[in-house]
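As the structure lists them, so they are numbered: ligands from 1, and atoms in each ligand from 1.
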Amino acid sequence: MIEFRQLNIEDKHYFNEMARLLKEAFEDYHDEKETIKELETMLQEDQIIIVALKASTVIGFIGAQRQYKQTGYELHPLVVKEAYRFNGIGKALVSRLEEAVLKRGGIMLYLGTDDEDYKTSLSQVDLFEDPFTAIKTIENYKNHPYSFYLKQGYKIVGVMPDANGLRKPDIMMAKRLIPFK
Ligand SMILES: CC(C)(COP(=O)(O)OP(=O)(O)OC[C@H]1O[C@@H](n2cnc3c(N)ncnc32)[C@H](O)[C@@H]1OP(=O)(O)O)[C@@H](O)C(=O)NCCC(=O)NCCS
């Protein structure tokens, strides 16, 4: 059975496992000690972290921090252990995070999802020429996670061309969490 739990400052014992998960999934998180410091700061600054636990072991987690004027939150990071992917855990983490953000008065979640390995059609065109058409006609070549977020109701609201190097954009996505009246 998988259990979901929102962490508080007493839950530091999960940080080693969380740092390892990030290291497995992202090159930028190669230094586990630095990652643990970052996680500690996240909790001290009252950000949201929710873990997915199987037999008390962390198999995924999601975070968010308040930005803008209190109501816009940035979703970061999100990771599910490779062996457990495509089982609905990512979806469940996003949904629980949305509930937690709403409880704190947030109304919008956004994120940037990088294309650093030419996984989408956005890496094939000059995004400075016509970013809007490139977004409208985006194609997923190799399981880029933007498709995962589309399924959770997030929209592509922009691109940051060359954010990670030439032809390596950041794809900006967002979701409104309340009705539009
Ligand atoms: C992205 C990630 C969190 C998804 O987690 P997951 O637990 O595998 O996702 P789920 O099983 O909840 O998937 C929900 C839906 O999205 C789809 N999906 C999941 N990952 C996908 C991907 N990479 N590409 C396309 N579709 C994907 C699933 O097939 C499922 O579709 P369905 O509802 O039609 O059945 C996971 O692949 C991961 O940790 N990746 C590495 C880290 C990463 O890229 N994080 C995001 C950085 S912005």
Side-chain angles (χ1 to χ4, degrees), residues 1-7 14-32 34-35 38-39 42 47-55 57-65 67 72-101 106 108-124 127 135-165 167-175 177:
M1 211 185 71
I2 291 160
E3 185 198 334
F4 295 90
R5 171 156 180 197
Q6 187 166 338
L7 299 191
Y14 291 122
F15 285 179
N16 283 322
E17 290 172 46
M18 292 162 72
R20 222 170 301 132
L21 275 187
L22 286 176
K23 189 178 178 178
E24 283 164 18
F26 302 104
E27 271 174 27
D28 289 354
Y29 286 99
H30 56 87
D31 186 336
E32 288 181 43
E34 277 303 309
T35 309
E38 198 180 314
L39 291 167
M42 277 182 83
Q47 299 174 23
I48 303 168
I49 301 180
I50 297 171
V51 294
L53 300 166
K54 185 165 179 171
T57 299
V58 182
I59 56 163
F61 74 97
I62 194 166
Q65 62 186 115
Q67 301 283 6
Y73 278 71
E74 182 181 9
L75 186 164
H76 175 78
L78 168 61
V79 64
V80 172
K81 198 173 171 60
E82 202 165 358
Y84 292 94
R85 288 182 194 160
F86 294 99
N87 281 300
I89 297 167
K91 180 180 172 154
L93 283 167
V94 169
S95 149
R96 280 164 174 78
L97 182 74
E98 290 171 359
E99 284 167 21
V101 165
M108 188 277 288
L109 259 165
Y110 74 95
L111 62 107
T113 180
D114 294 308
D115 182 6
E116 295 185 79
D117 306 298
Y118 316 109
K119 288 184 175 174
T120 79
S121 52
L122 299 186
S123 63
Q124 304 303 304
L127 290 171
I135 289 171
K136 265 191 183 153
T137 56
I138 188 169
E139 282 180 64
N140 199 338
Y141 299 145
K142 279 187 253 167
N143 278 339
H144 187 280
Y146 85 81
S147 299
F148 162 80
Y149 289 111
L150 284 179
K151 287 191 167 175
Q152 316 318 316
Y154 290 74
K155 295 270 161 63
I156 301 178
V157 291
V159 282
M160 200 56 78
D162 304 336
N164 302 287
R167 294 176 179 274
K168 298 180 177 184
D170 196 7
I171 306 169
M172 316 308 294
M173 303 187 74
K175 181 175 177 179
L177 304 177

S.K.: Under 6.0 Å from the CE atom of Met172, do we count more than 12 heavy atoms belonging to anything else shown?
M.R.: yes
S.K.: Considering heavy atoms of the protein only, find what lies nearest to atom 25 (C) of ligand 1 and give residue, atom and distance to 0.1 Å.
M.R.: Ser147 CB, 3.5 Å
S.K.: Would you compute the distance between atom CD1 of Ile89 and atom NZ of Lys91 and round it to the nearest 0.5 angstrom?
M.R.: 13.0 Å
S.K.: Does His144 use its side chain to pair, donor to acceptor, with the backbone of Asp114 at less than 3.5 Å?
M.R.: yes
S.K.: Are the side chain of Lys175 and the backbone N or O of Gln152 linked by a donor-acceptor pair below 3.5 Å?
M.R.: yes
S.K.: Just to be sure I'm reading this right: ignoring hydrogens, which of Tyr146, Phe148, Tyr84, Phe26 gets closest to atom 4 (C) of ligand 1? Compare them by their nearest heavy atoms.
M.R.: Phe148
S.K.: Please tell me if the side chains of Val94 and Tyr154 come closer than 4.5 Å, counting only heavy atoms from C-beta onward.
M.R.: yes
S.K.: Measure the spacing between NE2 of His76 and CD of Gln67 and express it to the nearest 0.5 Å.
M.R.: 10.5 Å
S.K.: Using a strict 4.0 Å cut-off to heavy atoms of Lys91, name the atoms of ligand 1 that fall inside it.
M.R.: 12 (O)
S.K.: If I take atom CE from residue Met173 and atom CG from residue Leu75, how far apart are they, to the nearest 0.5 angstrom?
M.R.: 10.5 Å
S.K.: Are any of the N or O atoms of Phe86 closer than 3.5 Å to those of ligand 1?
M.R.: yes
S.K.: Among Glu82, Glu24, Arg85, which one puts a heavy atom closest to atom 36 (C) of ligand 1?
M.R.: Arg85
S.K.: Atoms of ligand 1 less than 4.0 Å from Thr113 heavy atoms?
M.R.: 48 (S)
S.K.: Using a 3.5 Å distance criterion without hydrogens, assess whether the side chain of Ser147 forms a donor-acceptor pair with backbone atoms of Asn143.
M.R.: no
S.K.: Before signing off on this row, confirm whether Gly90 and ligand 1 have an N or O atom pair separated by under 3.5 Å.
M.R.: yes
S.K.: Under 4.0 Å from ligand 1, counting heavy atoms only, is it the side chain of Asp114, its backbone, both or neither?
M.R.: neither
S.K.: Just by distance, do the side chain of Asp115 and the backbone of Thr120 share a donor-acceptor pair under 3.5 Å?
M.R.: yes
S.K.: Does the protein put a heavy atom under 4.0 Å from atom 2 (C) of ligand 1?
M.R.: no
S.K.: Which of the atoms of ligand 1 are close to Gln152, meaning less than 4.0 Å from one of its heavy atoms?
M.R.: 14 (C), 15 (C)
S.K.: Below the 3.5 angstrom mark, is there an N/O of Gly88, backbone or side chain, next to an N/O of ligand 1?
M.R.: yes
S.K.: Asn143 versus ligand 1: do any nitrogen or oxygen atoms come within less than 3.5 Å of each other?
M.R.: yes
S.K.: Does the side chain of Tyr146 reach to within under 4.5 Å of the side chain of Ile156, using non-hydrogen atoms?
M.R.: yes
S.K.: Heavy atoms only, cut-off 4.0 Å: how does His144 contact ligand 1, side chain, backbone, both, or neither?
M.R.: backbone
S.K.: State the atoms of ligand 1, each with its element, that fall below the 4.0 Å cut-off from a heavy-atom position in Val79.
M.R.: 39 (O)
S.K.: For the CG atom of Leu21 and the OH atom of Tyr14, what is their distance to the nearest 0.5 Å?
M.R.: 13.0 Å
S.K.: Consider every N or O of Gly112 and every N or O of ligand 1, then say whether any pair is closer than 3.5 Å.
M.R.: no
S.K.: Just need the protein heavy atom nearest to atom 39 (O) of ligand 1, so name the residue and atom and give the distance.
M.R.: Val80 N, 2.8 Å
S.K.: Return the residue, atom name and 0.1 Å-rounded distance of the protein heavy atom closest to atom 44 (O) of ligand 1.
M.R.: Pro145 CG, 3.6 Å
S.K.: Is Tyr149 in contact with ligand 1, taking contact as a heavy-atom separation below 4.0 Å?
M.R.: yes
S.K.: Please check this pair: side chain of Thr35 against backbone of Ala19, looking for a donor-acceptor N/O pair closer than 3.5 Å.
M.R.: no
S.K.: Considering Lys81, Lys142, Lys151 one by one, which has a heavy atom nearer to atom 34 (O) of ligand 1 than any of the others?
M.R.: Lys151
S.K.: Which protein heavy atom lies closest to atom 45 (N) of ligand 1, and at what distance to 0.1 Å?
M.R.: Leu78 O, 2.9 Å
